[in-house]
2 protein chains.
Amino acid sequence: MDHRAKLDSARARRKPAGRGDLYSPDCPSRAVLDHVTSRWGVLVLVALLGGTHRFSQLRRRIGGVSEKMLAQTLQALEADGFVRREVFPEIPPRVEYSLTALGDDVAARVRALADWIEGNLGRILASQAAPRARRAGATER
Amino acid sequence: MDHRAKLDSARARRKPAGRGDLYSPDCPSRAVLDHVTSRWGVLVLVALLGGTHRFSQLRRRIGGVSEKMLAQTLQALEADGFVRREVFPEIPPRVEYSLTALGDDVAARVRALADWIEGNLGRILASQAAPRARRAGATER
DNA sequence: CGGTATCCTCGCCGATACTG
DNA sequence: CAGTATCGGCGAGGATACCG
């Protein structure tokens, strides 16, 4: 299906075996990055960094997430190998989510970012309030 | 459109002066996080960490981005106080983008994440390929 | 060169209903 | 409790055209 015949020479730069290149549109790392940095992906990873959670726990912890998006986000992260899903054959059923070793690693980076934003929100909002007067017509929503 | 009448008590929890709470749906930090972790926001920040860039340079560097989205992303990051925009009154016109002190700080965290993903793409793809056989006859796509 | 404005499509996401 | 299936809106985002 992928008939890109332009693999002649320009694309000669090899990647060191499994090294991704985020600047390339079709590098798989783009998809992974999108999952990790998705609106709910970030929050799920950070939450799981605090320990194993059940579905409902995550749903309650992460304000504003719908069941559908939470399930979808968890599936993507599980597929990427970041999240482990354990089903307990009980009644009522119980499912627990936790980070894999790989997931723990990314989540640490994600939390570093999330923490920085939370901790510097004051400075950020201050910077926002002090832009030189630009012209109107801002597409800001 | 904001007829959420439930602002009676739930919104009572104050934040310690400028500290954000990403778990709260209406905390401003959510918007900032979304800008920073947006599909193109991440790549723009990392690119600018490499130094000042002109519009076209960024466009060429970041594969797959459209002019519209690049402009939009840069505006959002500028509004948040992460990116500085300098216009040179020349002909042909030249505009340079660089990181502010604040932007340099976030970008470092973003790059840590981006670098990790690029560097561990091999392990990630391997994890994707090796999901433990859940129920028999996995619905492997 | 470095944008902005307009159109239009696609898929994200919420709401709802149903299953085990 | 913990999901999956389906429908529909609406906004993100690409293509194009035009301006300073």
Side-chain angles (χ1 to χ4, degrees), chain A residues 25-26 30-31 34-44 47-48 52-79 83-98 134-141, chain B residues 1-4 25-26 30-31 33-44 47-48 52-79 83-98 134-135 138-139 141:
Chain A
D26 25 54
R30 277 278 181 96
D34 283 350
H35 297 160
V36 169
T37 64
S38 69
R39 188 199 210 74
W40 308 117
V42 173
L43 300 178
V44 164
L48 289 182
T52 299
H53 284 67
R54 299 181 57 174
F55 188 85
S56 304
Q57 286 181 310
L58 286 172
R59 180 138 162 58
R60 260 175 275 112
R61 184 93 179 85
I62 303 174
V65 71
S66 67
E67 288 184 11
K68 178 182 172 181
M69 291 317 298
L70 181 55
Q72 196 170 296
T73 300
L74 285 167
Q75 281 178 11
L77 294 177
E78 188 195 2
V83 164
R84 175 171 33 247
R85 181 175 185 270
E86 274 181 299
V87 182
F88 295 85
E90 310 173 353
I91 292 186
R94 191 176 78 208
V95 181
E96 292 189 345
Y97 294 91
S98 56
R134 290 182 297 166
R135 58 191 176 283
T139 58
E140 187 63 46
R141 161 53 270 261
Chain B
M1 65 176 288
D2 186 26
H3 42 278
R4 47 181 80 255
D26 26 53
R30 277 278 181 95
L33 181 69
D34 283 350
H35 298 160
V36 169
T37 63
S38 70
R39 188 200 210 73
W40 307 117
V42 173
L43 299 178
V44 165
L48 290 182
T52 298
H53 284 67
R54 298 181 55 173
F55 189 86
S56 304
Q57 286 181 310
L58 286 172
R59 179 139 163 59
R60 260 175 275 112
R61 185 93 178 86
I62 302 173
V65 71
S66 67
E67 289 184 10
K68 176 183 172 182
M69 291 318 298
L70 181 54
Q72 196 170 295
T73 301
L74 285 168
Q75 282 178 11
L77 293 177
E78 188 196 1
V83 165
R84 174 173 32 248
R85 181 175 184 269
E86 271 182 300
V87 183
F88 296 85
E90 308 172 357
I91 292 189
R94 192 177 77 204
V95 180
E96 293 189 344
Y97 294 91
S98 57
R134 289 179 294 172
R135 50 192 174 194
T139 59
R141 54 174 176 134

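In what follows, chains are A, B, ... by sequence order, proteins preceding strands, each numbered from 1.
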Would you kindly give the [atom1]-to-[atom2] distance between [X] and [N], to the nearest whole Å?
X        : N       : atom1 : atom2 : value
Arg85(A) : dT4(D)  : CZ    : C1'   : 11 Å
Arg60(A) : dA2(D)  : CZ    : P     : 8 Å
Glu96(A) : dA2(D)  : CD    : P     : 9 Å
Lys68(B) : dA15(D) : NZ    : C1'   : 10 Å
His53(B) : dG3(C)  : NE2   : C1'   : 19 Å
Trp40(A) : dG11(C) : CH2   : P     : 21 Å
Phe55(A) : dG20(C) : CZ    : P     : 18 Å
Gln57(A) : dA2(D)  : CD    : C1'   : 13 Å

Gly64(A) to Pro25(B) - nearest heavy-atom pair and separation: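 Minimum heavy-atom contact is N-CG, 3.8 Å.
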Search all heavy atoms of Thr52(A) against all heavy atoms of Ser98(A) and return the closest pair with its distance.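 Reported closest heavy-atom pair: OG1-CB, 3.5 Å.
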If only side-chain N and O atoms of Ser66(A) are considered, is one of them under 4.0 Å from the OP1 or OP2 phosphate oxygen of dA15(C)?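 Checking dA15(C) against Ser66(A), no side-chain N or O comes under 4.0 Å of OP1 or OP2.
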Just N and O in the side chain of Arg54(A): are any of them under 4.0 Å from OP1 or OP2 of dA2(D)?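 For Arg54(A), the contact criterion (side-chain N or O under 4.0 Å from OP1 or OP2 of dA2(D)) is met.
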Report which part of the nucleic acid Tyr97(A) touches: base, sugar-phosphate, or nothing (heavy-atom distance under 4.0 Å, all strands).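 Sugar-phosphate, no base atom in range.
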Base, sugar-phosphate or nothing for Gln75(A)? Non-hydrogen atoms, less than 4.0 Å.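 Since only primed, P, OP1 and OP2 atoms lie under 4.0 Å of Gln75(A), the category is sugar-phosphate.
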The criterion is side chain to side chain contact (heavy atoms under 4.5 Å, CB included); which residues satisfy it with Glu67(A), sequence neighbours excluded?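 Once residues adjacent in sequence are excluded, the partners of Glu67(A) under the side chain to side chain contact (heavy atoms under 4.5 Å, CB included) criterion are Phe55(A), Arg59(A).
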Just compare dC13(C), dG13(D), dG3(C) and give me whichever is closest to any side-chain atom of Met69(B).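 Given the options dC13(C), dG13(D), dG3(C), the side chain of Met69(B) is closest to dG13(D).
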Among Val44(A), Leu48(A), Ile62(A), which one satisfies side-chain contact (heavy atoms from CB on, under 4.5 Å) with His53(A)?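 Exactly one option meets the side-chain contact (heavy atoms from CB on, under 4.5 Å) with His53(A), and it is Leu48(A).
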Earlier contact from the 5' end, DNA chain C, for Glu67(A) and Pro93(A):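 Closer to the 5' end of DNA chain C: Glu67(A).
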Spacing of Glu96(A) atom CD and Gln57(A) atom CD [to the nearest 0.5 Å]: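 Spacing of CD (Glu96(A)) from CD (Gln57(A)) equals 8.0 Å.
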